[in-house]
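Below: the structure, in structure tokens.
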Amino acid sequence: MTYQPGPYLTPDYMLPYWEPVYYQQEYQMYSMMTPEYYPSLWTPLVHQSNSESQEDSGVVSEDDEKEEEVLEKGSCPPPTLTVHQANEILGTPIPERCPDTKKIANRITEWLKTSKTHQKEFSENVIGRSQGTLSSILKTPKPWKAMHCGREVFIRMYNFMRISEEERKQIMNLQLNLPKSTRQPRVSNRRFTRVQKECLDGLVERIEKPSKEIKRVISRELGLPESTVHNYFMNARRKLKYD
DNA sequence: TGCTAGTCAATACC
DNA sequence: GGTATTGACTAGCA
């Protein structure tokens, strides 16, 4: 089967891959864009042999004339993204070895502002995460190297910023069927009393990793479940690490 | 078994 | 009403 690049595999779309910084990965990126990996980005050339014979003979059919007319007038409807294509575009691996997550986050924040898109709408339609998660990702993005499966979200945001405004609009209006959380609803979040909070903050400053026994004492003294004390230290360590 | 990273979702905050 | 914060849950890893 012979293919030609589809509407979303245009020079504009490919351009970022050909900047000198990615040059060394040229082969890798080119191979990832092949019809075998991303068939929906390509269009099979069905009539190739016919057109070749016509070119040889110099005969132009009525159909060809009509087609040329349409192309000249530009009356071709803009291509419409399917859910599958949108997911493929957003999930395309990033060519950079170590992308700047801060830069990606800033660009998304800027776009949300200028396009007047709410975080909730974007988080659910594009990255498949909750509003709160998006908010914290945008405010304090982790360095690429410190991330593991969290990179997926940045890949989608990176690709979202690479496409045209028209394509972004289409994606925002598509239902991408992104996986929803299957977690059990839980009891409403506990809020610590002022004394509990002050004690826990003071302890976090002094003890990085309390033993089981220490956690037991703390929970007894503050009247909190051990799991709550455990979670508090865990969240505090994480906060200290990235703030 | 304990820890980290990723995340949810309630709720505080502006 | 939209965003930021935060306590809790969970998968995966050492």
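Below, chain A is the first sequence line, B the second, and so on; all start at residue 1. Values below: all heavy atoms of this structure, side chains included; hydrogens, waters and symmetry mates excluded.
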Worksheet item: For A:R156 and A:N87, does a side-chain donor sit closer than 3.5 Å to a side-chain acceptor?
Response: yes

Worksheet item: So which nucleotide from B:dT7, B:dT11, C:dA4 ends up closest to the side chain of A:I137?
Response: B:dT7

Worksheet item: Counting only side-chain N and O atoms of A:K120, is one of them less than 4.0 Å from OP1 or OP2 of C:dT3?
Response: no

Practice prompt. Quick one: sort the A:F160 and A:F122 rings into parallel, tilted or perpendicular, breaks at 30° and 60°.
Written response: perpendicular

Response to the item:
When rounded to whole Å, the CZ to C1' distance for the pair A:F192 and B:dA10 reads 14 Å

Worksheet item: Rounded to whole angstrom units, what separation is found between the OH atom of A:Y232 and the P atom of C:dT5?
Response: 14 Å

Discussion item. From NE2 of A:H118 over to C1' of C:dG2, roughly how many Å is that when rounded to an integer?
Written reply: 6 Å

Is there any protein nitrogen or oxygen under 3.5 Å from a nitrogen or oxygen in nucleotides 2-5 of chain B, and what are the pairs?
from  : atom 1 : to     : atom 2 : distance (Å)
B:dG2 : OP1    : A:K212 : NZ     : 3.4
B:dT4 : OP1    : A:K209 : NZ     : 3.4
B:dT4 : OP2    : A:R237 : NE     : 3.0
B:dT4 : OP2    : A:R237 : NH2    : 2.8
B:dA5 : OP1    : A:K241 : NZ     : 2.5
B:dA5 : OP2    : A:K241 : NZ     : 3.4

Worksheet item: Over how many whole Å does the gap from A:L134 atom CG to B:dG6 atom C1' extend?
Response: 14 Å

Worksheet entry | 5' priority, DNA chain C, between A:N235 and A:L138 [closest heavy atom] | A:L138

Worksheet item: Does any non-hydrogen side-chain atom of A:L112 lie less than 4.5 Å from one of A:L138?
Response: yes

Worksheet entry | Between A:K197 and A:Y232, a side-chain donor and acceptor under 3.5 Å | yes

Worksheet entry | Sub-4.5 Å side-chain heavy-atom contact between A:I89 and A:L81 | yes

Worksheet item: Quick one: A:R151 CZ to B:dT7 P, roughly how many Å, whole number?
Response: 13 Å

Worksheet item: Would one find a side-chain N or O of A:S135 under 4.0 angstrom from OP1 or OP2 of C:dA4?
Response: yes

Discussion item. Below the 4.0 Å mark, does B:dC8 have OP1 or OP2 next to a side-chain nitrogen or oxygen of A:T133?
Written reply: yes

Practice prompt. Using whole Å, report how far CG of A:L200 lies from C1' of C:dT6.
Written response: 13 Å

Worksheet item: Can you check the A:E124 CD to C:dG2 C1' distance for me, whole Å?
Response: 13 Å

Discussion item. For B:dA10 and A:Q131 - does any side-chain N or O of the residue sit under 4.0 Å from the phosphate oxygens OP1/OP2?
Written reply: no

Worksheet item: Could you walk me through whether A:R129 and A:L134 pass the side chain to side chain contact (heavy atoms under 4.5 Å, CB included) check?
Response: CA-CA 7 Å; A:R129 299 294 185 278; A:L134 175 67; 5.8 Å; no

Item to complete: Indicate, with a heavy-atom threshold strictly under 4.0 Å, whether A:T228 touches base, sugar-phosphate, or nothing.
Response: sugar-phosphate

Worksheet item: Please give, in whole Å, the distance from C:dT6 C1' to A:L240 CG?
Response: 14 Å

Discussion item. Is the shortest side-chain heavy-atom distance between A:W111 and A:R107 below 4.5 Å?
Written reply: no

